[in-house]
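What you are looking at is a predicted structure, and each value in this text was computed from that prediction instead of being measured. Note: hydrogens, waters and symmetry copies are ignored here, and every other heavy atom, side chains too, is used. Whatever order the structure lists them in is the order used to number ligands and atoms, beginning at 1.
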Amino acid sequence: MINREMYALGAKRSAIRELAEYGWKRSAEIGAENVFDFSIGNPSVPAPECVRECMEDIIKNTDPVTLHGYTSAPGDIGCRNAVADELNNRFGSSFTGENLYLTCGASSSLNITLKALTCEGDEFIINAPFFPEYKVFIENQGGKAVIIPPDTDTFSLNLPELEKAVNEHTKAVIINSPNNPTGVVYSEASLKAISELLERKQEEYSHPIYIISDEPYREVVYEKEVPFIPHIYDNTVICYSYSKSLSLPGERIGYVLVPDAATDSKELISAVAGAGRALGYVCAPALFQRVIAKLSGKTADISVYQRNRDILYPALTEMGFDCVRPDGAFYLFMKCPDGDATSFCEKAKKYELLLVPGDGFGCPSYVRISYCVQTEKLLRSLKAFEALAKEYK
Ligand code: PLP
């Protein structure tokens with residue numbers, strides 16, 4: 001007998017992947033240039049030239065046995081120290097490599113962190129709209145996902161609902177800023193407010209409540225600053241990925257960061273190592289451990305995303321669509337005129353526009369538009385959006 005839950009997960013693809021598959025099929029039929037595929041968050045900007053140069057240098061100058069060999073399970077200590085140093089330079093922190101566990105991107109960082117934290121009966125709070133995989137990850141590591149509704153005025157953290165949702169079973173709150181799917185960056189003030197709330201609740205229930213900060217878009221931000229959450233709340237664990245900042249999603253590299261200031265930090269770091277071991281996430285890709293040791297903190301040319309935001313947001317607003325203005329990442333969240341995202345997305349397909357219904361993100365009357373596409377294509381897509389808007393006038 002095969003595990004039914006795993007069968008169900010594998011047999012039913014995520015809505016995003018399904019739409020992306022449809023896009024690839026449609027591209028083969030009518031030409032990729034004619035499909036306005038805004039489904040998947042695959043960076044459209046190449047990795048910066050320094051990545052290739054760095055890889056060439058590492059390949060040329062590292063003994064081949066070492067180059068392709070195992071590193072220690074949490075990652076090579078030299079590489080972890082280098083990443084910690086770069087974070088310290090940027091944020092004035094004092095991490096060492098011992099605070100870091102290198103992973104295969106944010107997905108594995110999240111699974112490792114959840115497994116390290118989850119005890120029977122634990123609850124993890126997620127604020128809609130949220131990255132759909134959070135629910136899958138939480139449930140598969142044995143926790144209960146508690147979803148709080150969106151604050152549709154700001155799309156920031158919904159503090160009144162968070163206040164109601166936290167209880168004696170709450171182990172952590174997952175937050176994600178810049179956010180997928182809204183592009184919103186949480187302000188310092190809102191992060192201070194959640195920190196005060198959680199500190200009060202920790203007192204009340206006499207146990208730590210962690211913030212799991214999922215940060216694959218940390219550097220993909222336009223005008224605003226992204227506050228560094230460990231400076232605001234001690235019990236923060238960061239789940240980071242280089243997939244978007246360095247445009248390396250296929251290389252699978254990221255980290256879990258457990259600051260010393262977190263409650264039971266030494267035990268938690270050991271539990272992270274244990275979870276990595278139990279899940280088989282040991283020794284992140286060795287070549288890319290060495291690449292990030294040199295290039296952590298650098299980014300691909302994210303100005304392209306800002307340019308796309310500056311075209312798309314005003315254009316859609318002008319057409320009468322109600323949109324959330326993105327501060328970062330490369331997603332725009334848009335309200336469907338009649339509140340029915342599924343039928344809206346089906347209608348959009350008539351114009352070869354592939355948009356993701358908000359259901360999976362916990363907001364069924366919205367759609368997500370991934371504008372990590374060529375600007376020229378984005379400009380051509382506006383006619384299709386106009387035609388779609390006309391259907392609702
Ligand atoms: N978290 C969020 C919010 C994401 O948008 C993504 C990917 O799109 C991930 C996690 C997973 O990232 P990775 O590719 O590094 O596993």
Atoms of ligand 1, numbered as shown, that sit under 4.0 Å from any heavy atom of Asp214: 1 (N), 2 (C), 3 (C), 10 (C)
Hey, does Leu353 have a side-chain heavy atom less than 4.5 Å from the side chain of Leu388? yes
By the definition ring-ring contact (aromatic ring centres under 6.0 Å, His included), identify the one residue from Phe38, Tyr371, Tyr217 that meets it with Phe330. Tyr217
Counting non-hydrogen protein atoms only, what is the nearest one to atom 11 (C) of ligand 1? Give residue, atom name and distance. Ser107 OG, 3.3 Å
min-distance protein heavy atom vs atom 15 (O) of ligand 1 -> Ser241 OG, 2.6 Å
For ligand 1, which atoms have a heavy atom of Asn180 less than 4.0 angstrom away? 3 (C), 4 (C), 5 (O)
Steps toward side chain to side chain contact (heavy atoms under 4.5 Å, CB included) verdict (Ile77, Arg80): CA-CA 5 Å; Ile77 189 61; Arg80 285 187 285 145; 3.5 Å; yes
Tell me the contacting part of Ala106 for ligand 1: side chain, backbone, both, or neither, using a 4.0 Å heavy-atom threshold, strictly below. both
Is the cationic atom of Lys115 (NZ for Lys, CZ for Arg) positioned less than 6.0 Å from the six-membered ring centroid of Tyr281 and within 45 degrees of its normal? no
So, 4.0 Å and heavy atoms of Tyr242: is ligand 1 close enough to count as a contact? no
Are Asp37 and Ser39 packed together at the side-chain level, in the sense that at least one heavy-atom pair is separated by less than 4.5 angstrom? yes
Please determine if Lys390 and Glu386 form a salt bridge, counting it only when a charged side-chain N lies under 4.0 Å from a carboxylate O. no
Heavy-atom gap Arg252 to ligand 1 smaller than 4.0 Å: yes
closest protein heavy atom to atom 6 (C) of ligand 1 is Phe131 CZ, 3.4 Å
What do you reckon, does Ser108 have a nitrogen or oxygen under 3.5 Å from a nitrogen or oxygen of ligand 1? no
Answer yes or no: are there more than 12 heavy-atom neighbours, outside Lys347 itself, under 6.0 Å from its atom NZ? yes
Measure centre to centre between the rings of Phe137 and Phe124, then say whether the value is under 6.0 Å. no
Decide whether an N or O pair under 3.5 Å exists between Gly105 and ligand 1. no
Work out whether the distance between some heavy atom of Gly254 and some atom of ligand 1 is less than 4.0 Å. no
Tyr313 six-ring centre to Arg309 NZ/CZ under 6.0 Å and within 45° of normal: no
How does Ser243 reach ligand 1, by side chain, by backbone, by both or by neither, if only non-hydrogen atoms under 4.0 Å count? side chain
Classify the contact between Lys244 and ligand 1 as side chain, backbone, both or neither, using a heavy-atom distance cut-off of under 4.0 Å. side chain
Proximal atoms of ligand 1 relative to Asn176 (non-hydrogen, under 4.0 Å): 3 (C)
